[in-house]
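Each remark here refers to the structure printed beneath this line.
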Amino acid sequence: MKAYFAPSLPLPEEIIYSCIENFDLKGTELGNQDRNKIKCFETEYGITVNVKAFKIPNLVNKVVYRFFRKSKAQRSFEYAQHLQKNGLGTPQPLAYLEAKSLLCFGKSYYVCEHIEADYTYRDFTKDFTIPNYEKILRAFTRFTFELHENNILFLDHSPGNTLIKLENGEPNFYLVDLNRMLFKSLNLDERIKNFARLTTHKKMVEIMSDEYAKCMQVPFDVVFEKMWSATQEFQEKFKRKKRLKKKIKFWK
């Protein structure tokens, strides 16, 4: 397995190799383990290592990732570096590792520092009593605006993929699950559509629309109409997909 390490690695390479070698035996599991697996490993260097093991790709993608496209692990690592280069938050990238044969791509891992977050964005869709709720939601909107201003379209901008850590009462935002991004100049419609997956709550959309309109210096009504429409459209597609899956499951 070939490993690629960050230039300023804050702990020995052997520690990362050890995490990978012991991935199935040790570590603390995090999140949903159905598709990809994530584990944390405590180290003697005061750093908790977060390892994401990507599912072995299907037969076609084994060839695609071997010869034609960067792996999810490599993209996660490089996109994290790009975010940090532009002053945007993501857990510190440490390494990525890939197993390749002569003709096929196998397992891959993305390794970063683990962040103990106070919240994720998802918490804000469930608990409206969080202290400084609106202040943090507006700050999150400005963070998204900064992504867009840096020509970054985060395609997995969904409730579980932004960690929120409070430092001296101020929120800092860290993106995770980074392997799907586009880098290009964004028009208003593309920017607003990027909010579509975040919430079903109209009040949250109103707050985010108001803050984004201020950032863009455009009328609130224009932004809100686009954002709420994009939200409803996404939710309808999501529901249709869910109904279809139920029907397929029923007829199996």
Residues forming a salt bridge (Lys or Arg N to Asp or Glu O under 4.0 Å) with K26, sequence neighbours excluded
none
Can you hop from L188 to F143 via hydrophobic side chains spaced under 4.5 Å?
yes
By salt bridge (Lys or Arg N to Asp or Glu O under 4.0 Å), which residues pair with R180, not counting sequence neighbours?
D156
Note: K237-E233 ion pair, threshold 4.0 Å (strictly below)
yes
Answer yes or no: is there a donor N or O on one side and an acceptor on the other, between the side chain of N36 and the main chain of K55, under 3.5 Å?
yes
Cluster check L178, F77: I/L/V/M/F/W/Y, side chain < 4.5 angstrom:
no
Salt bridge check, K52 against D177: does any charged N sit closer than 4.0 Å to a carboxylate O?
yes
Is it the case that one hydrophobic cluster holds both V222 and F220, taking links as side-chain heavy atoms less than 4.5 Å apart, direct or via other members?
yes
Please test F68 against V63 for side-chain contact (heavy atoms from CB on, under 4.5 Å), starting from the C-alpha separation and ending with a verdict.
CA-CA 8 Å; F68 305 109; V63 177; 4.3 Å; yes
What I'd like to find out is whether the side chain of L30 reaches to under 4.5 Å of the side chain of C40, using heavy atoms alone.
yes
Once you round to the nearest 0.5 Å, how far does CG of L103 lie from CZ of F67?
5.0 Å
Side chains of V111 and V51: does their closest heavy-atom pair fall under 4.5 Å?
yes
What is the distance from atom CD of E170 to atom CG of N172, rounded to the nearest 0.5 Å?
8.5 Å
Candidate list V176, I115, I38, test side chain to side chain contact (heavy atoms under 4.5 Å, CB included), partner N50, passing option:
I38
Identify the heavy atoms of F5 and A95 that sit nearest to each other, and give their distance.
CD2-CB, 3.6 Å
Would a 4.5 Å heavy-atom cut-off, applied to side chains only, mark I207 and T141 as touching?
no
Validation row: H157, T144 side chains within 4.5 angstrom (heavy atoms)
yes
Nearest non-hydrogen partners of N194 and F154, listed with the distance:
ND2-O, 2.9 Å
Atom of F124, atom of Y133 and distance for their closest heavy-atom approach
O-OH, 2.6 Å
Report yes if some heavy atom in the side chain of S71 is under 4.5 Å from a heavy atom in the side chain of F54; otherwise report no.
no
Taking only distance into account, with no hydrogens and no angle test, what donor-acceptor pairs under 3.5 Å do side-chain atoms of residues 7-19 form with protein atoms, sequence neighbours excluded?
residue, atom, partner, partner atom, Å
S18, OG, N22, ND2, 3.3

Sorted by chain and residue number, the side-chain contact (heavy atoms from CB on, under 4.5 Å) partners of V205 (sequence neighbours excluded) come out as T199, S209, F224, M227, W228, T231
Residues at least two apart in sequence or cross-chain that pass side-chain contact (heavy atoms from CB on, under 4.5 Å) with H82, listed by chain then number, are N86, I152, F183
Determine whether Y110 and N179 make a side-chain contact, defined as any pair of heavy atoms from C-beta on separated by less than 4.5 Å.
no
Test: salt bridge (Lys or Arg N to Asp or Glu O under 4.0 Å). Region: residues 73-83. Which pairs qualify, not counting sequence neighbours?
K70-E78
Holding to side-chain contact (heavy atoms from CB on, under 4.5 Å), I want the full list of residues that pass it with K184, two or more places apart in sequence or in another chain.
L186, E190
Value rounded to 0.5 Å, distance of OG1 in T28 from CZ in F41
8.0 Å
If you measure from CG on N132 to CG on L137, what distance do you get to the nearest 0.5 Å?
12.0 Å
Residue pairs involving residues 121-130 (criterion salt bridge (Lys or Arg N to Asp or Glu O under 4.0 Å); sequence neighbours excluded)
none
Restricting to pairs with a member in residues 92-116, which pass salt bridge (Lys or Arg N to Asp or Glu O under 4.0 Å), not counting sequence neighbours?
E98-K100
Going from NE2 on H148 to CG on L153, what distance comes out if it is rounded to the nearest 0.5 angstrom?
6.0 Å
Are the charged groups of R191 and E149 less than 4.0 angstrom apart, N to O?
yes
ring-ring contact (aromatic ring centres under 6.0 Å, His included) with F145: which of F195, Y212, F173, F140?
Y212
Hey, could you give me the OG/CG distance between S76 and L175, rounded to the nearest 0.5 Å?
12.0 Å
Does F23 offer a backbone N or O that forms a donor-acceptor pair with the side chain of K39 under 3.5 Å?
yes
Non-neighbouring partners of E42 that pass side-chain hydrogen bond (donor to acceptor under 3.5 Å, both in side chains), sequence neighbours left out:
T48
I need the minimum non-hydrogen distance between P93 and A6, along with the two atoms involved.
O-CB, 3.5 Å
For E211, enumerate each residue passing the salt bridge (Lys or Arg N to Asp or Glu O under 4.0 Å) test, keeping only those at least two apart in sequence or located in another chain.
R138, R142
Kindly give the heavy-atom pair with the smallest separation between P171 and L166, and that separation in Å.
CA-CD2, 3.8 Å
Give the cluster check for M204 versus I192: same hydrophobic cluster or not, with ILVMFWY residues linked at side-chain heavy-atom distances below 4.5 Å.
yes
Where do F128 and K203 land on the side-chain contact (heavy atoms from CB on, under 4.5 Å) test, with the steps shown first?
CA-CA 10 Å; F128 304 107; K203 182 61 179 176; over 6 Å; no
What's the shortest heavy-atom distance between P159 and L198, and which atoms?
CG-O, 3.3 Å
Any sub-3.5 Å donor-acceptor pair from Y96's side-chain atoms to S108's backbone N or O?
no
N/O donor-acceptor pair under 3.5 Å between T125 side chain and Y121 backbone:
no
Say whether, by atom type as modelled, one donor and one acceptor occur between the side chain of N150 and the main chain of E146 under 3.5 angstrom.
yes
Is there a path of hydrophobic side-chain contacts, each under 4.5 Å between heavy atoms of I/L/V/M/F/W/Y residues, joining L147 to V218?
yes
Taking only residues two or more places apart in sequence, or in another chain, which ones meet K62 in a side-chain contact (heavy atoms from CB on, under 4.5 Å)?
I56, P57, C104
Beyond-backbone contact of Q92 with I47, side-chain heavy atoms, under 4.5 angstrom:
no
